[in-house]
**Student:** 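One structure, pasted below without further comment.
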Amino acid sequence: YEKWEKSGVFSCDPASNKAPYTIMMPPPNVTGSLHMGHALNTTLQDVLVRYHRMKGDDTLWQPGTDHAGIATQMVVERQLAEKQIVRGRDLNREQFLEKVWEWKEHSGGTIVNQMRALGATPDWKRERFTMDEGLSRAVRKVFVQLYKEGLIYRDKRLVNWDPKFHTAISDLEVENKEQKGKMWHIRYAVEGEIASYITVATTRPETLLGDTAVAVHPDDERYNDMIGKMVYVPIADRLIPIIADEYADPEQGSGAVKITPAHDFNDFEVGKRHDLPMINILDVNAHLNENVPEAYQGMERFAARKKILVELEELDALVGEEDVKNAIPYGDRSGVVIEPYLTDQWYVDTPTLAKPALEAVRSGETVFHPKQYENMYFRWLEDQQPWCISRQLWWGHQIPVWYAEDGTVFCEETEEEAQAAADQHFGEAGVVLTRDEDVLDTWFSSALWPFSTLGWPDKTPELEKYYTTSVLITGFDIITFWVSRMMMMGIHFMGEVPFKDVYIHALVRDSKGQKMSKSKGNVMDPLELIEEFGADALRFTLTAMAAQGRDIQLSNDRIKGYRNFCTKIWNAARYAQMNGCELDENFDPANVEYTPNQWIISALKDAKTNLEKGIENYRFNEAANAIYSFTWGTFCDWYLEFTKPLLQGESEHTDEIKQTTAWVLDQILTLLNPMMPFITEEISGKMLTAAAWPEYSESLGNNAAREEMDWLIAMISQIRSVRADMNVPAGAQIDLLIKGASETTKSRVQTYAEIIQRMARIVSIDYTDETPKGAVQTVVGEATLMLPIADIIDLDQERARLNKEIGKLEADIQKIDQKLGNEKFVANAPAEIIEEQRTRREAAESTRDKLAGALKQLG
RNA sequence: GGGCGGUUAGCUCAGCGGUAGAGCACUUGCUCGACACGCAAGGGGUCACUGGUUCAAUCCCAGUACCGCCCACCA
């Protein structure tokens, strides 16, 4: 691997006039380690990159890692906790960040080195990190510009609050889990009336302490006369109004709903419409705060719920309880229940930015493969809520905003610029400014990846040449987090889409179809698999299983199968080498004369075409299968066997066979290099990674040769099949008699007599017009093949075999007759289809007649 | 609740208008000098179900049934 890296083949060259081919590597978490998803993702990118590099494109595969805000801060905090060190208490912000950087330096190289073990060839010299200086500058610039354009703003609204990490998180980082819960019905007493109540239902009774209204539907007759009245909130003993709002669904529960604007997203909207007070009853830990009765202050939220229920019961306010299923929001990182929480946060106006991003995919400027994922993209972007980008963390890009004492906001790229702006604003020097403490959502910097890594905001040659990258390779789970945001940012800041194609690959699951996860203990470690089967086997397996639109269920057996393929190639190469097949520089595949040589070259050309089509259409499985079946099923199984004696002996064809064998093998190795870089180079002894992709002339390929070899394969296969069916011992040498052979057949038999004899285990070949007693028969084309094996033949068995064959043919003929007998078919079907049916019928009939004759003779 | 996808050989999956395919597993036979991580020959499928379009449907359309996944505020 080092050889490759030192050679500089990975490097792009913006100065060259070669066409660019660019892939942005999805940056893995800097402190992470390689899992199967990465292995698949990396392999597919590497296959594409190697292919295009060999094709002569100026290839840039841009590598890098992500600082992964919450995840990384979490890991470091946990480590510090083991040493009884607490962020904030024992370490200030600066000291803490120092620890994080230390950790990053310490464990940051793991994943990229693991990618090297896989054989990945990105341009490592250009490796970037989302927190390095250049990318941070891009982040600041983007933030300031969006702020000045009004596309970033600060707002006080409900956010998803993580009580464990004490930060806001975005909608996407919330995971809703369906759970069994309870719904409680609670009655609120109406003010000034005796025994008059309104009943509301809730799954979160503790929030009643923050209720500021009860809402009913304006058209709900049951409650018409109650609108405007006041009710007592139990326990809190506050008076709140009954209001009319269409949000209340008469069909739902009692038709009356409690409104807690500070702790529920819907209620928040209702609260705004009715100008209700918003009572926040929680602190950052989701413990109850000073706005609740003293007995509850400082209580943990779920403990408070229990206590509330007990007290409601005592007050006779709890009038019902039912089992329900409901979706509970959890933080995807912290695993704790998320609280809607009222705070000031920064937002990106994604509803606005989404519009051009949607249009770019609708118009086909960017195309998803497989296409159906565009639906996911559309659905997500069409329904954009403002993106909450501020996080109350320390690890990340600090928001470039400074506040004056009176709260005036100065958003600039540097502190100096902010100071200058403030001084000018207030008309005095040295205004005291405080920087916003929050950092940005990790995905904010990720969204800039396609241009920030190329040097933006500078106008670099790289940016000029490689932007609008060729393709993005990623998993579907990240379309919303990353792809859509890169589209929005890319279009806004570069004026062009960030990639032409987006290939969405499958999720790697275990052999039972389970998602791999540490808690299930079913993770397969790519490094262990590389250790056991080799990187090439793993790469080839992943490539061969990467069919579009389906998950990959990976099993060791499958990898083992492809490991065997590696061994097979290895053995074929050893065989070629042992027999003195050496690549001749002057060998011209178009000039070979020996038919099997023409044939194998022609078949290679087909395989290459299919391989290329597969790669170019992102049908990696088809690409892998094309080269696999050619190599094993055609080259090894037939070609090497056909040519064995001539190769090893002396004949007029020997030299040409040696050269052809060496050349085809070399081509196979070259074509396989993108998928199996290690073994192909080891065998060939050349640095194929830097080799040119083979190009064949249009005219290469010989149909006559293919027809002839198909015939030869049929001859051998037929005889082998009959032998096996009739239990002729494998070692037994028998005679072959041919009846009704055409001149062509005779001439072919003569040419390939040795091959037929050797591969079908035949002693002699003769022609006859008669059928000897006790011969088993089969048909190839116009000729009937007879194997006189009277001493071992079992007549009943032969009768049964022939009957079975005849039966198959008759069924076939009958089916075709049905079609041909259908007037509408003859009238409407294309001529060549009809012709094909006729030809097939004739062939089947002729074979059947011959076999029927054979059957008759058996008596 | 909304959306997307799946249902093809024992298993894992390709194919997606004109004779049902692969790998693995299985059966049988092979110490035929590259390879037993191999060679050869086999068995095994009303392509989920019901209708429709078509000369022709595993493939297109509609519906049904299961199974996944994603999104969603039902108090």
**Student:** Does a side-chain N or O from A:Trp632 land closer than 4.0 Å to OP1 or OP2 of B:C39, or not?
**Tutor:** yes
**Student:** Can you find a donor-acceptor N/O pair under 3.5 angstrom joining the side chain of A:Arg574 to the base of B:C35?
**Tutor:**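 Counting by modelled atom types and ignoring angles, no donor-acceptor contact under 3.5 Å is found here.
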**Student:** Within this structure, what is the OG1-CG distance for the pair A:Thr260 and A:Leu276, rounded to the nearest 0.5 Å?
**Tutor:** 10.5 Å
**Student:** Assign A:Lys804 to base, sugar-phosphate, or nothing according to its heavy-atom contacts below 4.0 angstrom with the strands shown.
**Tutor:**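 The answer is sugar-phosphate, as A:Lys804 gets under 4.0 Å only of primed atoms, P, OP1 or OP2.
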**Student:** Please check: side-chain N/O of A:Asp383 versus main-chain N/O of A:Arg379, any donor-acceptor pairing under 3.5 Å?
**Tutor:**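 It does not hold such a pair.
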**Student:** Provide, to the nearest angstrom, the distance between the CZ atom belonging to A:Arg563 and the C1' atom belonging to B:C35.
**Tutor:**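 The answer, rounded to whole Å, is 13 Å.
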**Student:** If the plane angle is over 60° it's perpendicular, under 30° parallel, otherwise tilted; pick one for A:Phe642 and A:Trp638.
**Tutor:** tilted
**Student:** How far does the C1' atom of B:G3 sit from the matching atom of B:G18, given to the nearest Å?
**Tutor:**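 It works out to 35 Å between them.
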**Student:** Any stems for RNA chain B, made of 3 or more Watson-Crick or G-U pairs in a row, each with both distances under 3.5 Å?
**Tutor:**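 Result, WC/G-U stems under 3.5 Å: B:1-7 with B:65-71, B:10-13 with B:21-24, B:26-30 with B:38-42, B:48-52 with B:60-64.
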**Student:** Using the P atom as the reference point in each nucleotide, state the distance between B:G1 and B:A14 in Å, no decimals.
**Tutor:** 30 Å
**Student:** Taking the P atom in each of B:C74 and B:C60, what is the distance between them to the nearest angstrom?
**Tutor:**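 The answer is 35 Å between these two P atoms.
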**Student:** Between A:Lys819 and A:Glu836, is there a salt bridge with N-O shorter than 4.0 Å?
**Tutor:** no
**Student:** For A:Ile833 and B:G18, give me the distance from atom CD1 to atom P, rounded to whole Å.
**Tutor:**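 Atom-to-atom, A:Ile833 to B:G18, this comes out as 8 Å.
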**Student:** Students often get this wrong, so: under 4.0 angstrom with heavy atoms, is A:Ala829 touching a base, only sugar-phosphate, or nothing?
**Tutor:**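 Base contact.
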**Student:** Between A:Arg619 and B:G15, is there a contact of a side-chain N or O with OP1 or OP2 at under 4.0 Å?
**Tutor:**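 For B:G15, OP1 or OP2 has a side-chain N or O of A:Arg619 closer than 4.0 Å.
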**Student:** Rounded to whole Å, how long is the line connecting atom OH of A:Tyr377 with atom C1' of B:C69?
**Tutor:** 21 Å
**Student:** For B:C71, does OP1 or OP2 lie under 4.0 Å from any side-chain N or O of A:Thr480?
**Tutor:** no
**Student:** Looking only at side-chain N and O atoms, does A:Lys568 come under 4.0 Å of OP1 or OP2 in B:C39?
**Tutor:** yes
**Student:** Does any N or O donor sit under 3.5 Å from an N or O acceptor when you compare the side chain of A:Arg558 with the base of B:C24?
**Tutor:** no
**Student:** Counting the atoms with a prime plus P, OP1 and OP2 as sugar-phosphate, which does A:Arg761 contact under 4.0 Å by heavy atoms, base, sugar-phosphate, or nothing?
**Tutor:** base
**Student:** Suppose you measure atom P in B:G15 against the same atom in B:A34; what distance do you get, rounded to whole Å?
**Tutor:** 38 Å
**Student:** When all nucleic acid strands are considered with a 4.0 Å heavy-atom cut-off, which category describes A:Glu269: base, sugar-phosphate, or nothing?
**Tutor:**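 No contact.
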**Student:** At 4.0 Å (heavy atoms only), tell me whether A:Cys636 reaches a base, stays on the sugar-phosphate, or touches nothing.
**Tutor:**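 Result for A:Cys636 = base.
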**Student:** Using atom P in both nucleotides, what's the gap between B:C61 and B:C66 to the nearest angstrom?
**Tutor:** 22 Å
**Student:** B:U7 and B:U12: how far apart are their C1' atoms, nearest whole angstrom?
**Tutor:**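 One C1' to the other, the span is 14 Å.
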**Student:** Would you tell me if any nitrogen or oxygen in the side chain of A:Lys808 comes within less than 4.0 Å of OP1 or OP2 on B:U19?
**Tutor:** no
**Student:** Atom CG of A:Asp249 and atom C1' of B:C73: how far apart are they, to the nearest Å?
**Tutor:** 12 Å
**Student:** With a 4.0 Å cut-off on heavy atoms, is A:Gln648 in touch with a base, just the backbone sugar-phosphate, or nothing at all?
**Tutor:** sugar-phosphate
**Student:** Of the candidate nucleotides B:C4, B:A75, B:C55, which contains the atom at the shortest distance from the side chain of A:Tyr247?
**Tutor:** B:A75
**Student:** Any side-chain N or O of A:Asn564 below 4.0 angstrom from OP1/OP2 of B:G38?
**Tutor:** yes
**Student:** Taking atom C1' of B:C35 as reference, at what distance in whole Å does atom CG of A:Asn579 sit?
**Tutor:** 13 Å
**Student:** Within the 4.0 Å heavy-atom criterion, would you say A:Gly255 contacts the bases, only the backbone, or no part of the nucleic acid?
**Tutor:** base
**Student:** Do the side chains of A:Arg801 and A:Asp725 get close enough for a salt bridge, i.e. N-O under 4.0 angstrom?
**Tutor:**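 A salt bridge is absent here (no side-chain N lies under 4.0 Å from a carboxylate O).
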**Student:** Quick check on B:C71: is either OP1 or OP2 less than 4.0 Å from any side-chain nitrogen or oxygen of A:Arg379?
**Tutor:**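 False: A:Arg379 side-chain N/O out of range (4.0 Å or more) of B:C71 OP1/OP2.
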**Student:** Tell me whether A:Arg157 forms a cation-pi arrangement with A:Phe268, defined as NZ or CZ under 6.0 Å from the six-membered ring centre and within 45 degrees of its axis.
**Tutor:**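 No cation-pi geometry.
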**Student:** Please check if the number of heavy atoms outside A:Gln797 that lie under 6.0 Å from its CD is greater than 12.
**Tutor:**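 For A:Gln797, atom CD is crowded (more than 12 foreign heavy atoms under 6.0 Å).
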**Student:** Taking the side chain of A:Lys815 as its heavy atoms from C-beta onward, which of B:A41, B:A20, B:C4 lies nearest to it?
**Tutor:** B:A20
**Student:** Using a 3.5 Å distance criterion without hydrogens, assess whether the side chain of A:Ser484 forms a donor-acceptor pair with backbone atoms of A:Thr480.
**Tutor:** yes
**Student:** Taking N and O atoms by type only, does the side chain of A:Lys560 place a donor or acceptor under 3.5 Å from a partner on the base of B:C37?
**Tutor:**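 No such pair is found, so the answer is no.
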**Student:** Look at the side chain of A:Asn266 and the base of B:C73, then say whether one donor and one acceptor between them are separated by less than 3.5 Å.
**Tutor:** yes
**Student:** With nearest nucleotides of RNA chain B determined for A:Thr567 and A:Ala215 from heavy-atom distances, which residue corresponds to the more 5′ nucleotide?
**Tutor:** A:Thr567
**Student:** Classify the nucleic acid contact of A:Pro830 as base, sugar-phosphate or nothing, counting any heavy atom under 4.0 Å across all strands shown.
**Tutor:**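 A:Pro830: base contact, heavy atoms under 4.0 Å.
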**Student:** How many Å lie between CG on A:Asn375 and C1' on B:G2, as a whole number?
**Tutor:**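 Going from CG in A:Asn375 over to C1' in B:G2 covers 13 Å.
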**Student:** Can you tell me which nucleotide in B:C55, B:G29, B:A34 comes closest to the side chain of A:Ala730?
**Tutor:**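 Of the options given, the side chain of A:Ala730 lies nearest B:G29.
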**Student:** Could you tell me how far apart A:Ile559 (CD1) and B:U12 (C1') are, to the nearest whole angstrom?
**Tutor:** 13 Å
**Student:** According to the interplanar angle, ranging from 0 to 90°, do the rings of A:Tyr562 and A:Tyr628 count as parallel (below 30°), tilted (30 to 60°) or perpendicular (above 60°)?
**Tutor:**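 The rings of A:Tyr562 and A:Tyr628 stand perpendicular, inter-plane angle above 60°.
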**Student:** Using the C1' atom on both, measure B:A20 against B:C35 and round to a whole Å.
**Tutor:**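 Here B:A20 and B:C35 have their C1' atoms 32 Å from each other.
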**Student:** Describe the nucleic acid contact of A:Arg720 in one word from base, sugar-phosphate, nothing, applying a heavy-atom distance below 4.0 Å.
**Tutor:**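 Sugar-phosphate only.
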**Student:** In whole angstroms, how far is the P atom of B:C32 from the CZ atom of A:Arg723?
**Tutor:** 14 Å
**Student:** Considering residues, nucleotides and ligands other than A:Gln814, do more than 12 of their heavy atoms fall under 6.0 Å from its CD?
**Tutor:**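 Count not over threshold, so no.
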**Student:** Considering only atom C1', compute the distance from B:C11 to B:C4 and round it to an integer number of Å.
**Tutor:**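 Comparing C1' positions in B:C11 and B:C4 gives a spacing of 27 Å.
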**Student:** Rounded at 0.5 Å granularity, tell me how far CD in A:Glu269 sits from NE2 in A:His274.
**Tutor:** 11.5 Å
**Student:** Give A:Asp637 one of three labels, base, sugar-phosphate or nothing, depending on what nucleic acid heavy atoms sit under 4.0 Å from its own.
**Tutor:**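 Answer is sugar-phosphate: A:Asp637 comes under 4.0 Å of backbone atoms only.
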